[in-house]
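What follows is a short report on a single structure.
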Amino acid sequence: MSIYVGNLSYQVTEEDLKLAFAEYGKVSRVQLPTDRETGRPRGFAFVEMESDTQEQAAIDALDGAEWMGRDLKVNKAKPREERSNSSRGSWGGGNARRNNNRY
């Protein structure tokens, strides 16, 4: 299981998250995604802990808590949804042929 941590300050670091979640058990992994263009954190993270019990304790304690001036959103991470490639590249051309009946 993984924990989703949202509404993070853009100044937060992986080390900050490790220290905050260590109060509830052993942190196995922290993932702090960054914006591809700017390199800045995107305002959310994923934290994995040693056991489901520890993760649930962290969720119960930290969801809604104020940290670094922000109210955290902490819950079980949902599996990533697969995106289909068929919707990519569709620029709304479905109606392009409607007005071809001009003489």
Side-chain angles (χ1 to χ4, degrees):
M1 184 171 89
S2 186
I3 301 171
Y4 167 82
V5 186
N7 200 32
L8 288 172
S9 164
Y10 293 113
Q11 283 74 41
V12 75
T13 66
E14 286 185 20
E15 191 61 31
D16 293 331
L17 287 164
K18 285 179 187 176
L19 289 172
F21 280 80
E23 289 186 42
Y24 307 97
K26 184 175 180 190
V27 176
S28 306
R29 180 177 170 202
V30 173
Q31 184 180 4
L32 187 62
T34 56
D35 183 272
R36 291 181 202 162
E37 293 179 20
T38 65
R40 285 183 30 185
R42 294 177 62 193
F44 67 92
F46 297 96
V47 177
E48 293 177 16
M49 299 183 75
E50 198 170 71
S51 74
D52 289 348
T53 305
Q54 293 173 359
E55 288 182 349
Q56 192 58 55
I59 291 168
D60 293 343
L62 297 174
D63 186 36
E66 195 236 322
W67 190 53
M68 296 181 127
R70 310 285 296 259
D71 291 334
L72 296 180
K73 176 71 176 159
V74 184
N75 54 40
K76 291 181 182 181
K78 296 175 183 157
R80 186 173 183 173
E81 292 181 11
E82 291 296 321
R83 295 182 183 179
S84 67
N85 289 334
S86 62
S87 65
R88 287 187 163 195
S90 175
W91 288 81
N95 296 329
R97 295 184 183 177
R98 270 192 191 167
N99 295 327
N100 284 347
N101 295 338
R102 295 186 182 156
Y103 296 99

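Position 1 is the first residue of the sequence, and the numbers go up from there.
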Task: Positive for side chain to side chain contact (heavy atoms under 4.5 Å, CB included) with I3, one of E48, E55, K76 - done: E55
TODO: Kindly compute the distance separating CG (L8) from CE (M68), expressed to the nearest 0.5 Å.
DONE: 9.0 Å
Open item on the list: Quick one, Q56 with D60, criterion side chain to side chain donor-acceptor pair (under 3.5 Å). Give me CA distance, side-chain angles, the key distance, then yes/no.
Closed with: CA-CA 6 Å; Q56 192 58 55; D60 293 343; 2.8 Å; yes
Open item on the list: Please give me the minimum heavy-atom distance between F21 and M49, naming the atom from each residue.
Closed with: O-CE, 3.3 Å
Open item on the list: Minimum heavy-atom separation for F44 and P33, please, with both atom names.
Closed with: O-CD, 3.4 Å
Task: Test applied, side chain to side chain contact (heavy atoms under 4.5 Å, CB included); reference residue, W67; option that passes from V74, V5, L62, L17 - done: L17
- [ ] With the side chain counted from C-beta on, respond yes when V47 and K18 share a heavy-atom pair under 4.5 Å apart, and no when they do not.
- [x] no
Task: Any donor-acceptor N/O pair, Q54 side chain to K26 backbone, under 3.5 Å - done: yes
Task: Separation between CG of D35 and OH of Y10, rounded to the nearest 0.5 Å - done: 9.5 Å
Task: Donor-acceptor contact below 3.5 Å, side chain N7 vs main chain D71 - done: yes
TODO: Examine L72 and V27 and state if one hydrophobic cluster contains both, with Ile, Leu, Val, Met, Phe, Trp and Tyr joined whenever side-chain heavy atoms are less than 4.5 Å apart.
DONE: yes
- [ ] In sequence, state the C-alpha distance, the side-chain angles, and the governing distance for D63 and K73, and then conclude on side-chain contact (heavy atoms from CB on, under 4.5 Å).
- [x] CA-CA 5 Å; D63 186 36; K73 176 71 176 159; 4.0 Å; yes
- [ ] Go through the steps for E15 and T13 under the test side chain to side chain donor-acceptor pair (under 3.5 Å), then give the verdict.
- [x] CA-CA 5 Å; E15 191 61 31; T13 66; over 6 Å; no
